[in-house]
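Protein chains get the first letters and strands the later ones, always in sequence-line order, with residue 1 at the start of each.
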Number of protein chains: 2
Amino acid sequence: MPETRSRTPAGQRILAAAEELFYDRGITAVGVDLIAEHSGLTKRTLYNQFGSKDHLVTAYLTERDQRWRALVRDTVDTCADPVEAVTAPFDALRTWSRTNTRGCAFINALAELPDPAHPAHRIAADQKHWLLNLFGELATAAGCAQPARLATRLLVLHEGALATQPLALDTLAESTGLARSLVRASLETGGLEGTQR
Amino acid sequence: MPETRSRTPAGQRILAAAEELFYDRGITAVGVDLIAEHSGLTKRTLYNQFGSKDHLVTAYLTERDQRWRALVRDTVDTCADPVEAVTAPFDALRTWSRTNTRGCAFINALAELPDPAHPAHRIAADQKHWLLNLFGELATAAGCAQPARLATRLLVLHEGALATQPLALDTLAESTGLARSLVRASLETGGLEGTQR
DNA sequence: CCAGAAGTACACTGATCTGTGAACCACCAG
DNA sequence: CTGGTGGTTCACAGATCAGTGTACTTCTGG
């Protein structure tokens with residue numbers, strides 16, 4: 001399989017062009033000829049490297065997922081305070097949003113690729129579960145009450161801010177503030193209103 | 001313009017088929033021939049009624065928006081208690097989700113139609129602003145503190161539950177619970193942790 | 001020097017896509 | 001009876017799509 005081989009320089013350039021075009025214009029709307037043209041390489045090289053458009057789409061999502069996870073990990077790691085670390089993914093999202101203004105690439109990909117058997121569905125589900133687990137681990141490490149429930153709520157806030165991003169409502173600041181409030185509340189003794197029911 | 005004329009029975013059937021196919025399989029992935037075939041009408045009639053695929057897409061989103069708003073309005077109106085009414089849109093979302101499992105049709109449409117000049121962008125933005133304003137009005141009517149801020153937070157929770165729906169994480173129950181907690185907290189005296197900062 | 005890998009140039013297939021033209025039919029109101 | 005509206009049938013144009021075949025070049029490691 002071509003996608004398991006280490007990427008050649010030409011393959012990397014094609015993948016970079018594909019990432020930009022797929023994210024900005026949508027997967028179905030972007031043809032392989034356009035990707036080849038934007039990358040400065042030929043369509044033949046694209047097919048020699050990736051085998052098919054579907055494989056290129058999968059590589060695009062995989063690469064993007066790795067870049068995003070690295071950013072989140074880095075942002076979390078720079079937090080000395082374990083309480084601040086719980087909401088660090090929201091800070092990472094702020095950084096990420098400066099250069100990615102078309103919402104979540106994975107939600108967008110699922111919108112265009114309805115077939116549940118497509119690898120994109122597994123990649124997207126894995127990513128969200130990864131973030132959910134990360135929230136859970138961070139909440140546990142910070143000593144939050146009911147870390148699993150808190151993690152789910154933080155995930156909803158995160159995805160909500162991401163989903164409403166293309167609408168220019170500036171929901172990120174509000175959801176980050178609410179996330180911090182939830183973490184703070186979960187550290188206080190007894191079941192507050194955020195934890196009951 | 002054909003889209004302003006009152007719809008003929010054939011036009012309604014075509015629009016119904018388009019709604020189902022566009023939502024389930026994506027807009028770009030569905031061709032006009034497929035819509036004609038599923039509706040039992042001809043492609044010629046489709047073009048006589050709607051003029052172009054773009055107009056049909058716009059009609060699809062408009063119709064869907066109206067159906068959804070009617071459901072939300074009805075759900076809100078059946079609430080005797082003004083406090084319960086604030087989170088009624090979350091109950092409407094639960095009903096809606098039973099037959100619409102592919103996330104938000106408008107977010108999905110924006111993913112496929114990157115051109116900001118496309119009417120879909122206006123329709124989607126209008127819908128989210130409508131919900132935001134509705135949350136604000138309901139919060140004010142219920143006597144919540146800082147209704148505008150609460151409305152934004154409720155919108156984020158709503159969209160977060162909707163965005164994560166295709167991932168089968170059952171985030172709707174959790175976000176609904178959190179929404180109720182926020183409303184409850186905003187009714188108690190003094191600035192709680194959910195309102196400060 | 002040579003073999004193989006990577007990339008180019010370019011023509012091409014077959015399928016699918018949106019959209020049109022034109023003749024035709026059925027029905028209903030005036 | 002007649003004209004118009006709504007719908008059908010079917011062929012077709014023109015563009016674009018994913019993907020292939022083949023011969024050529026260029027570079028590098030042994």
Side-chain angles (χ1 to χ4, degrees), chain A residues 1-22 24-61 109 111-115 117-120, chain B residues 1-22 24-61 109 111-115 117-120:
Chain A
M1 311 299 171
E3 69 269 29
T4 61
R5 281 209 305 262
S6 71
R7 210 81 67 194
T8 73
Q12 294 175 18
R13 286 179 60 190
I14 289 172
L15 185 54
E19 280 195 55
E20 192 179 341
L21 290 169
F22 281 154
D24 284 344
R25 310 193 193 180
I27 293 172
T28 318
V30 168
V32 288
D33 295 88
L34 187 66
I35 294 170
E37 186 192 334
H38 267 64
S39 67
L41 283 302
T42 59
K43 187 166 61 161
R44 204 70 191 82
T45 301
L46 188 155
Y47 274 96
N48 286 341
Q49 289 289 324
F50 295 94
S52 74
K53 186 184 178 181
D54 244 24
H55 285 133
L56 179 57
V57 169
T58 303
Y60 148 63
L61 292 172
E112 294 195 64
L113 309 167
D115 179 12
H118 195 286
Chain B
M1 310 298 169
E3 70 270 29
T4 61
R5 281 210 305 263
S6 72
R7 210 83 66 193
T8 74
Q12 293 175 16
R13 287 180 59 190
I14 288 171
L15 186 54
E19 280 195 56
E20 191 179 343
L21 289 168
F22 280 154
D24 284 344
R25 310 192 193 181
I27 294 171
T28 318
V30 169
V32 287
D33 295 271
L34 187 66
I35 295 170
E37 187 193 334
H38 267 67
S39 67
L41 284 302
T42 58
K43 187 168 63 162
R44 204 70 190 85
T45 301
L46 187 156
Y47 275 97
N48 286 343
Q49 289 290 322
F50 296 95
S52 73
K53 185 185 177 179
D54 244 25
H55 285 133
L56 179 57
V57 169
T58 304
Y60 147 64
L61 293 172
E112 295 195 64
L113 309 168
D115 179 13
H118 196 286

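When the P atom of C:dC24 is taken as reference, atom CG of B:Asn48 falls 18 Å away, rounded to whole Å. Atom CD1 in A:Ile35 sits roughly 11 Å away from atom P in D:dG19 (whole-Å rounding). Separating the CD atom of B:Gln49 from the C1' atom of D:dT8 is a distance of 14 Å, rounded to the nearest angstrom. Note: CG (A:Leu34) to C1' (D:dT16) measures 12 Å, nearest angstrom.
A heavy-atom distance below 4.5 Å is found between the side chains of B:Glu19 and B:Leu15. Between B:Leu41 and B:Gln49 the shortest side-chain heavy-atom distance does not fall below 4.5 Å.
Taking only side-chain nitrogens and oxygens, A:Thr45 never comes nearer than 4.0 Å to OP1 or OP2 of C:dA6. A sub-4.0 Å separation between OP1 or OP2 of C:dT8 and a side-chain N or O of A:Thr42 is present.
Closest to the side chain of B:Asp33, out of D:dG19, C:dG7, C:dT18, is C:dT18. Picking from C:dT20, D:dG19, C:dG7 the nucleotide with the shortest atom distance to the side chain of B:Tyr47 gives C:dT20. When distances are taken from the side chain of B:Lys43 to each of D:dG7, C:dG7, C:dG19, the shortest belongs to C:dG19. Among C:dA9, C:dG19, D:dG7, the nucleotide with an atom closest to any side-chain atom of B:Ser52 is C:dG19.
At a cut-off of 3.5 angstrom, counting only N and O atoms as typed in the model, there is no donor on one side facing an acceptor on the other between the side-chain of A:Arg44 and the base of D:dG19. Scanning atom types as modelled, no donor and acceptor separated by under 3.5 angstrom connect the side chain of B:Lys53 and the base of C:dG19.
Looking only at atom types and distance, the side chain of A:Thr28 has no donor-acceptor partner in the side chain of B:Glu112 under 3.5 Å away.
Residue B:Thr8 is classed as a sugar-phosphate contact, given heavy-atom separations below 4.0 Å to backbone atoms only.
For the side chain to side chain contact (heavy atoms under 4.5 Å, CB included) with A:Ile14, the lone residue among A:Val32, A:Thr8, A:Ile35, A:Thr42 that qualifies is A:Ile35.
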